Amino acid sequence: MPEVGDGEFLVQLEEFSMDPAMRGWMNESPAAAAAVELGSAMRATGAGTVVESRNSTFPVNTQVVGMFNAQTYAVSDGTGVTVVDPALGSASMYLGLLGLSGLTAYFGLIVHANPRAGDTVVVSAAAGAVGSIVGQLAALSGCHTIGIAGGSEKCARVTAELGYDLAVDYKSGDFAADLAAACATGIDLYFDNVGGEVLNAALGNIAVNGHVVLCGGISQYNATTRPPGPSNYMNLLVRRARMSGVVVSDYSSEYQRARVQLAQWVKQGKLVAPQTRVSGGLAEFPSVFAMLFSGENFGKLLLALD
């Protein structure tokens with residue numbers, strides 16, 4: 001058991017957030033963050049309870065969320081740690097909707113993209129942790145929403161449970177044609193979580209003055225060679241469109257304001273926060289993480305320790 005020093009506290013971890021970004025942290029030269037060194041605990045956001053404390057800000061029995069890594073106990077001095085406010089939501093909500101997934105959706109769409117009522121908004125990985133929230137926020141903004149998901153069952157859930165107006169199956173025999181038919185007037189805003197051929201198909205349908213927001217590229221995270229550039233990129237020029245990236249940490253000073261707003265929408269019944277929660281021990285961490293890449297999760301994927 002790690003020892004607790006002055007100004008520190010000990011957290012017993014209870015559940016972990018599974019995030020596609022973890023795949024990048026396993027590479028030798030990731031683009032956005034330092035690699036996790038071999039032999040060290042895997043970097044992971046976890047929720048748990050303070051069981052010993054020498055820090056008055058984090059007394060015993062306080063529920064907290066932070067980058068505690070994949071381990072059953074962790075010592076912290078409070079840097080980057082958030083105290084769970086029960087008035088806003090549970091600890092698991094702080095790993096999903098009120099955590100980086102929901103905050104990415106909020107700032108990526110509402111603040112960065114700034115959609116207009118009437119816009120046609122297309123979201124890839126619409127059943128994922130971020131995409132499941134983006135579509136709902138776009139609907140709240142008065143937009144026409146089209147979700148891209150894998151398989152007929154997921155597409156049905158995307159419309160029935162998340163409120164997307166339409167869903168397009170990227171696993172269909174002719175995805176590009178299906179997407180073109182779904183957005184005949186063009187895509188005003190494309191929120192991309194997958195990259196690859198899905199991004200290329202969206203670029204082929206971008207509207208004049210459209211906007212492509214790059215949030216992630218999960219289809220490329222396990223690639224062993226650099227993927228080719230999208231062949232439809234010239235549409236950005238012809239249709240006077242633009243493409244920009246969003247990183248949620250740029251908005252860290254505004255996280256609490258966004259959490260309050262997101263929690264309010266949930267209480268008003270305007271927003272749902274789907275989760276796929278798998279129970280097990282740390283030994284299941286790799287297999288649960290792999291579910292992200294096989295598309296087995298709906299909404300936020302969590303590992304809850306037995």
Side-chain angles (χ1 to χ4, degrees), residues 15 17-20 89-90 92-93 95-106 108-109 115 120-179 181-183 187 189-199 201-202 215-219 262 265-279 287-304:
E15 52 189 333
S17 168
M18 296 293 169
D19 300 296
S90 64
S92 63
M93 285 275 282
L95 292 177
L97 177 67
L98 303 182
L100 294 183
S101 300
L103 294 172
T104 297
Y106 180 88
L109 184 82
T120 294
V121 177
V122 177
V123 183
S124 59
V130 175
S132 62
I133 306 302
V134 171
Q136 296 180 77
L137 296 180
L140 284 174
S141 301
C143 301
H144 176 65
T145 57
I146 301 171
I148 300 173
S152 57
E153 181 180 346
K154 259 192 181 176
C155 285
R157 295 186 68 182
V158 160
T159 54
E161 299 177 33
L162 302 178
Y164 276 90
D165 294 310
L166 292 171
V168 180
D169 182 4
Y170 74 84
K171 294 182 179 179
S172 69
D174 200 351
F175 165 66
D178 292 344
L179 180 63
C183 50
I187 300 172
L189 173 60
Y190 173 57
F191 198 98
D192 187 41
N193 293 298
V194 302
E197 288 303 315
V198 176
L199 168 61
C215 178
I218 194 170
S219 71
L262 289 167
W265 280 329
V266 170
K267 292 175 182 178
Q268 293 172 342
K270 297 179 179 179
L271 195 62
V272 296
Q275 295 180 346
T276 298
R277 205 159 181 262
V278 181
S279 296
S287 61
V288 176
F289 172 67
M291 291 171 63
L292 290 171
F293 301 92
S294 56
E296 297 177 59
N297 62 299
F298 188 83
K300 184 65 187 180
L301 179 60
L302 302 172
L303 170 62

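Values below: every heavy atom of this structure, side chains too, minus hydrogens, waters and symmetry copies. Because the structure is a prediction, the values reported are computed rather than measured.
Counting only heavy atoms from C-beta outward, the side chains of Thr159 and Asp165 never approach each other to under 4.5 Å. Looking at Leu97 and Leu103, their side chains never come closer than 4.5 Å, going by heavy atoms from C-beta outward. In this structure, the side chains of Leu162 and Val272 come closer than 4.5 Å at one or more pairs of heavy atoms. Counting heavy atoms from C-beta on, the side chains of Ile148 and Leu179 come closer than 4.5 Å. The shortest distance between side-chain heavy atoms of Thr145 and Val123 does not fall below 4.5 Å.
The list of side-chain hydrogen bond (donor to acceptor under 3.5 Å, both in side chains) pairs with a residue in residues 120-130, not counting sequence neighbours, reads Ser124-Tyr190, Ser124-Asp192. The salt bridge (charged side-chain N to carboxylate O under 4.0 Å, His left out) analysis of residues 150-159, with sequence neighbours excluded, yields the pairs Arg157-Glu161.
Summarising the geometry of Ala167 relative to Cys155, their closest heavy-atom pair is CB-O, 3.5 Å, with the distance given to 0.1 Å. Residues Ala105 and Val134 approach most closely at CB-CG2, 3.6 Å, considering heavy atoms. When every heavy atom of Leu109 is checked against every heavy atom of Pro115, the shortest pair comes out as O-CD, 3.1 Å.
In terms of modelled atom types and a separation under 3.5 Å, the side chain of Ser219 and the main chain of Val194 share a donor-acceptor contact. In this structure, the side chain of Gln275 does not engage the main chain of Gly96 through any donor-acceptor pair within 3.5 Å. In this structure, Ser141 contributes its side chain and Leu137 its backbone to a donor-acceptor pair below 3.5 Å. A side-chain donor-acceptor contact under 3.5 Å links Gln136 to the backbone of Ser132.
Looking at residues two or more places apart in sequence or on another chain, you find a side chain to side chain donor-acceptor pair (under 3.5 Å) between Tyr106 and Arg257. Evaluation of the side chain to side chain donor-acceptor pair (under 3.5 Å) rule for Glu15 yields Arg277 as partners, not counting sequence neighbours. With sequence neighbours left out, Lys270 forms a side-chain contact (heavy atoms from CB on, under 4.5 Å) with Leu140, Trp265, Gln268. Under the rule for a ring pair (Phe, Tyr, Trp, His ring centres under 6.0 Å), Phe298 has no partner lying at least two apart in sequence or in another chain. Take Ala177 and apply the side-chain contact (heavy atoms from CB on, under 4.5 Å) test, not counting sequence neighbours, and it matches Asp174. In this structure Glu197 satisfies the side chain to side chain donor-acceptor pair (under 3.5 Å) test with no other residue, sequence neighbours excluded. Applying the side chain to side chain donor-acceptor pair (under 3.5 Å) rule to Ser92 yields the partners Ser90; only residues at least two apart in sequence or on another chain are considered. Residues meeting the side-chain contact (heavy atoms from CB on, under 4.5 Å) test with Cys215, sequence neighbours left out: Thr104, Val130, Phe191, Asn193, Val246. For Val288, the side-chain contact (heavy atoms from CB on, under 4.5 Å) partners are Met18, Val278, Glu284, Met291, Leu301, Leu303, not counting sequence neighbours. For Phe175, there are no ring pair (Phe, Tyr, Trp, His ring centres under 6.0 Å) partners two or more places apart in sequence or in a different chain.
Interatomic distance, CE of Met93 versus CG of Leu302, reported as 11.5 Å (0.5 Å rounding). With rounding to the nearest 0.5 angstrom, the CG atom of Leu100 is 7.5 Å from the OG atom of Ser17.
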Kindly indicate, with the supporting measurements, whether the criterion side-chain contact (heavy atoms from CB on, under 4.5 Å) is fulfilled by Asp178 and Asp169.
CA-CA 8 Å; Asp178 292 344; Asp169 182 4; 6.0 Å; no

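For Asp19 and Lys300, the salt-bridge test passes: some basic side-chain N is under 4.0 Å from an acidic carboxylate O.
Residue Ile146 forms a side-chain contact (heavy atoms from CB on, under 4.5 Å) with just one option from Val158, Val121, Val122, and that option is Val122.
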